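The block underneath contains the structure these notes are about, expressed in structure tokens.
Source: prediction; values computed, not measured.
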Amino acid sequence: GAALAAYCLMLGDDALVLSHRLSQWCSRAPDLEDDIAIANIALDLLGQARLLLARAAAADPAVVPVLAAWSGVSPVPDEDRLAFFREADAFRCTRLVELEHGDFAHLVVRLLLFSSARLAVLQRLAASRDHVLAAIGAKGATEVTYHREYAARWVVTLARGTEESRRRLLGALDELAPWHAEQLEAHPVATALAESGVGVDPAGTADEVADVLAQVLEAAHTPWPDVAPRGGVRGRAGRDGMHTEALSRMLAEMQVVARAHPTGRW
Amino acid sequence: GAALAAYCLMLGDDALVLSHRLSQWCSRAPDLEDDIAIANIALDLLGQARLLLARAAAADPAVVPVLAAWSGVSPVPDEDRLAFFREADAFRCTRLVELEHGDFAHLVVRLLLFSSARLAVLQRLAASRDHVLAAIGAKGATEVTYHREYAARWVVTLARGTEESRRRLLGALDELAPWHAEQLEAHPVATALAESGVGVDPAGTADEVADVLAQVLEAAHTPWPDVAPRGGVRGRAGRDGMHTEALSRMLAEMQVVARAHPTGRW
Amino acid sequence: AALEADFEAVIARHERIEPRDWMPEGYRRTLVRQIAQHAHSEIIGMQPEGNWLTRAPSLRRKAVLLAKVQDEAGHGLYLYSACETLGVSRAELTDMLIEGRQKYSSIFNYPTLSYADVGTIGWLVDGAAICNQVPLCRTSYGPYGRAMIRVCKEESFHQRQGYELLMTMMAGTDEQRAMVQESVDRFWWPALMMFGPPDDASPNTARSLAWGIKRNTNDELRQKFVDMSVPQAERLGVTFPDPQLRWNEERGAHDFGQPDWDELTRVISGDGPCNAERIAHRRRAHEDGAWVREAASAYAARQQEHPHDQKEQH
Amino acid sequence: AALEADFEAVIARHERIEPRDWMPEGYRRTLVRQIAQHAHSEIIGMQPEGNWLTRAPSLRRKAVLLAKVQDEAGHGLYLYSACETLGVSRAELTDMLIEGRQKYSSIFNYPTLSYADVGTIGWLVDGAAICNQVPLCRTSYGPYGRAMIRVCKEESFHQRQGYELLMTMMAGTDEQRAMVQESVDRFWWPALMMFGPPDDASPNTARSLAWGIKRNTNDELRQKFVDMSVPQAERLGVTFPDPQLRWNEERGAHDFGQPDWDELTRVISGDGPCNAERIAHRRRAHEDGAWVREAASAYAARQQEHPHDQKEQH
């Protein structure tokens, strides 16, 4: 159960954290249609996160934080205890999703990198021996296909729009490309679950993801930047709970109300 | 005791909150000298805040939040329980000091408005019948005189520097001027303490503050903008705990570590 | 004159005027103003709730709020489209909003100060909006009426969700109950002001009624809202901050106090607690997005010129 | 040649070279590089600690940290001034920093992930800096040596404060103790790397020693730091993540493992965990401040032209 829970937290935290970053865009998009699209993507990812956190809690109740404020069993749902009562180092998302949001080019580039990698995983997850994960994979793949198309369309548009938009797009690509590889790295938890037919080894999707990105970037007349992948600290990165400075700042805001009222009902 | 405590919280929270806003500038100033000056002002105000919060706690221990995590007496100092364990609506600062920071023009205009009003109060407070407040007033007046000079010098420089700097300065003045009057409004707590020779009625400083600002703005070749003072909600404003949306966001960050470790030692 | 007679006949039969029909210039102007103001309210209304989106205390509430704010953007979109049928573009309307030449609902110039405000906005603000809007489903201008039907359906869903949040919070801790009451205290009077000034101070009402744009007076709708809200407050366990509020057996309706109309005047004229911030936020988003919109136009123009290129790129 | 002999004689007597003295071009270049790198380290070093300034968990700690970060800005200022005596302006140095043409201490390319890091940076990072810098108080270039005297005094104050924070946290909760240990685990190896590559891979050391710019080799200083830190760690109740660390009675010093020198190479060449963010932050601050610096110059220039005007304005 522990490995499955850890695996579900990885996929769940990716969705939760990026959903949060996207929700910070609310009422700030360049056009109403984009405000709607971004909120929609954030909602889809939040939905995926909720299913995955619930699956993690079911697989191993020990991953769910115990709330000291409750003497007995807390009525706070598992998904909320996981989202609002873990410290940054207990999150298992990659560092790509947690970075502070930048301009709209940053949004679409991050979404392209994320959804390309996630789609490849979800499509394979649809064949998981775990029926819950299989359902999440099947449903999620449909959603993320749309996210990827939205991102790809904007990446091409910005790359070939104006000088200014191209400059910004290339800047965002330079800034984000070093964080891409972490999504595709093998991790013992994922590898073990892949072997038992429950999870997906992201390393096995690397070629497919590279092909998808290459196609989009070709349409964008833009090369993949020549940058080294961003290293971790002491050999550890997001999947091991070693994050950037941005995550704990983000959680301070995200968790503040829930933590101020640990015995509250919402 | 309750009135004195409330009064000390007003003056203390003003200093605490503006100190925090200034500390957000750390490593972001236009030049090293300004980084040093801003940190120095933030430090002075933090020092004033600590003395005033301690005085508030001594005057009326009931204002200090009780920490549920400690069964007996908490070793967390009063100043910290006041700073880190009050919700936004228990803060007594004016709304001017809590607004999100903008550009450098915003910084110096806010500092000019704040330090002009505060200096007038501190100078009078030096004659308080309360010896602690008298000492805080005397020491603080020296500090805030320097803060005001720093702000005034920059206001004049920006107003008469380049077109761009003048545009930004006027923008900041337009944005902040509506929040100025709240600093000078009579408040029952201050009025009562002024009558007993302990506190200062800010309304009595209004003319002096207006003169000071008029002098600086004249040197800046800049008129005071024709804007209405910003109203409160249900007739209440910062001094009554009715704040802007910015304060609770700021506190989420400021209080996060202290609250995550209510039984911690620092 | 024949056109005008046709127009009057359609109005008299309570049928719809459609975009291609002839209409008096005053009718068109009044409609543009009202629909634009309504659209702007949806867009500006995203901010006070959006303020708590990133702090929602449960994932379910976060999803509900995100969906709601998204719906508001959607409502803005239909309403701008309805306005465009009257010959004014969305870009022009946006400029009028950020230059302060068109208004939006006064209620959104109040700050949101706790998570309870999310519930209160759903219950009271959306509740008041529904009272205002349900009759507009029968408004005489077709595109507006049809937009309102969709909007009202979603708004009543939002209202139920807001009320349900407050109900849940009232079943929580003492602090939560106090938070709900404090929030209701803050929003009650501004909600009553949403119906506009009293009838005797509302000079345009008569004409709007005659044209079938409005279907009820401000005071009629305000009364209806009060009568609807009082039993809901009782069920919730909160009070309204009005000592004059009581049931009047004779009228079969509630008597209630008058809001501070001077406050409404100040808020409408730009001096409310958050007017400057709301407009500044909208302006910043609009300006920050300019380069993206320009890129999209430039790219679309280029694709028109070189349609072959377009094929390459999916 | 007479000049060169004079220079060599001053060096040989362990006296100071002053700005107006003749010096070999290589000496000047080496000094500029070293002092600039040191100044940049102070400035970039404000960021990792500044990251926790707004979250300091007590007002006392907040004041201590604010004062410390302010001191770092001050150190940057003296060191840039020392560099200016060698004919390079602060503006040029800043450009070299933000364009990545000059380095700063590799340690600041690691993230700060908990409040314990503030203590660990004080204890280990400032501790390592002091080991490096105390000998530099006797460096052969006068302005640099004098700046170092002031810097070292303040650094040891910072180091004591950092250690004291960790001591206090170790007397706190289990979570706090774990936080301290985790922080020390993260910073130990990067702190050892602060002394630079091993002597046999440090080609410039010999010349810097000969010129009296450096007074000790990297490995000598690293050994001194380890010997100093081990008893401090024991007193604190934490361990260092080095299984090879043990007292060697014979050498009268600690044996210890080698840091991952490839990691150091990566971090120095720009691919550490935070290099891009640190430089981007500095660049943004510099660019955001450009209009202010321009305004100050324009205003100063105008005051020079119209000195009468100046009188008006205080």
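- Neither the backbone nor the side chain of D/Ala301 comes within less than 4.5 Å of any heavy atom of chain B.
- Interface residue D/Arg61: only side-chain heavy atoms are found under 4.5 Å from chain B.
- Ranked by heavy-atom pairs under 4.5 Å with chain D, the list B/Pro77, B/Ala159, B/Gly47, B/Ser165 is led by B/Ser165.
- Remark: B/Glu163 CD is loosely packed, at most 12 non-hydrogen atoms of other residues, nucleotides or ligands lying under 6.0 Å away.
- The side-chain heavy atoms of D/Leu59 and B/Phe84, taken from C-beta on, include a pair separated by under 4.5 Å.
- The CZ atom of B/Arg28 lies 8.0 Å from the CD atom of D/Gln47; values are rounded to the nearest 0.5 Å.
- Between the CG atom of D/Leu165 and the CH2 atom of B/Trp266 there is a distance of 7.5 Å, given to the nearest 0.5 Å.
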Does the pair D/Asp288 and B/Phe104 meet the rule for a side chain to side chain contact (heavy atoms under 4.5 Å, CB included), with working shown? CA-CA 9 Å; D/Asp288 286 353; B/Phe104 189 71; over 6 Å; no
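- Checking B/Ser27 against D/His281 by side-chain atom types alone, a donor-acceptor pair falls below 3.5 Å.
- Of the atoms belonging to D/Val292, heavy atoms from both backbone and side chain fall under 4.5 Å from chain B.
- Counting heavy-atom pairs closer than 4.5 Å to chain B, the top residue among D/Ile44, D/Leu77, D/Thr173 is D/Leu77.
- Counting heavy-atom pairs closer than 4.5 Å to chain D, the top-ranked of the candidates B/Pro30, B/Ala39, B/Ala220, B/Ala49 is B/Pro30.
- Annotation: D/Phe157, atom CZ; neighbour count of heavy atoms from other residues, nucleotides and ligands within 6.0 Å does not exceed 12.
- In this structure, the portions of D/Gln70 lying under 4.5 Å from any heavy atom of chain B include both its backbone and its side chain.
- In this structure, the portions of B/Ala42 lying under 4.5 Å from any heavy atom of chain D include both its backbone and its side chain.
- Proximity of D/Glu175 to B/His261: side-chain heavy atoms (C-beta onward) are separated by under 4.5 Å at one or more points.
- With chain D as the partner, the residue from B/Asn40, B/Leu53, B/Ile38 showing the most heavy-atom pairs under 4.5 Å is B/Asn40.
- Side-chain contact annotation: B/Glu253 with D/Thr54, donor-acceptor N/O pair under 3.5 Å present.
- For D/Leu166, no part sits under 4.5 Å from any heavy atom of chain B, backbone or side chain.
- Interface remark: B/Arg168 contributes side-chain atoms only to the contact with chain D (heavy atom separation under 4.5 Å).
- Across B/Val216, B/Leu158, B/Val256, the residue that shares the most heavy-atom pairs under 4.5 angstrom with chain D is B/Leu158.
- Options B/Leu16, B/Leu32, B/Thr263 differ in how many heavy-atom pairs under 4.5 Å they form with chain D, and the most are formed by B/Leu32.
- With chain B as partner, the option from D/Gly50, D/Ser58, D/Ala300, D/Gly119 having the largest number of non-hydrogen pairs under 4.5 angstrom is D/Ser58.
- Within the 4.5 Å cutoff, the side chain of B/Arg50 has heavy atoms near those of the D/Arg60 side chain.
- Across D/Ala298 and B/Thr162, no two heavy atoms sit closer than the pair CB-CG2, 3.8 Å.
- Considering only heavy-atom pairs separated by less than 4.5 Å from chain B, the leading option among D/Gln176, D/Met46, D/Arg282 is D/Gln176.
- Comparing B/Asp34, B/Asp31, B/Ile36 by how many heavy-atom pairs each has under 4.5 Å with chain D, the most go to B/Ile36.
- Interface residue B/Ala105: backbone and side-chain heavy atoms are both found under 4.5 Å from chain D.
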Show your reasoning for whether salt bridge (Lys or Arg N to Asp or Glu O under 4.0 Å) applies to D/Arg90 and B/Glu33. CA-CA 12 Å; D/Arg90 205 207 295 179; B/Glu33 286 80 356; 2.4 Å; yes
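- Distance CG/D/Leu65 to OG/B/Ser23: 9.0 Å, rounded to 0.5 Å.
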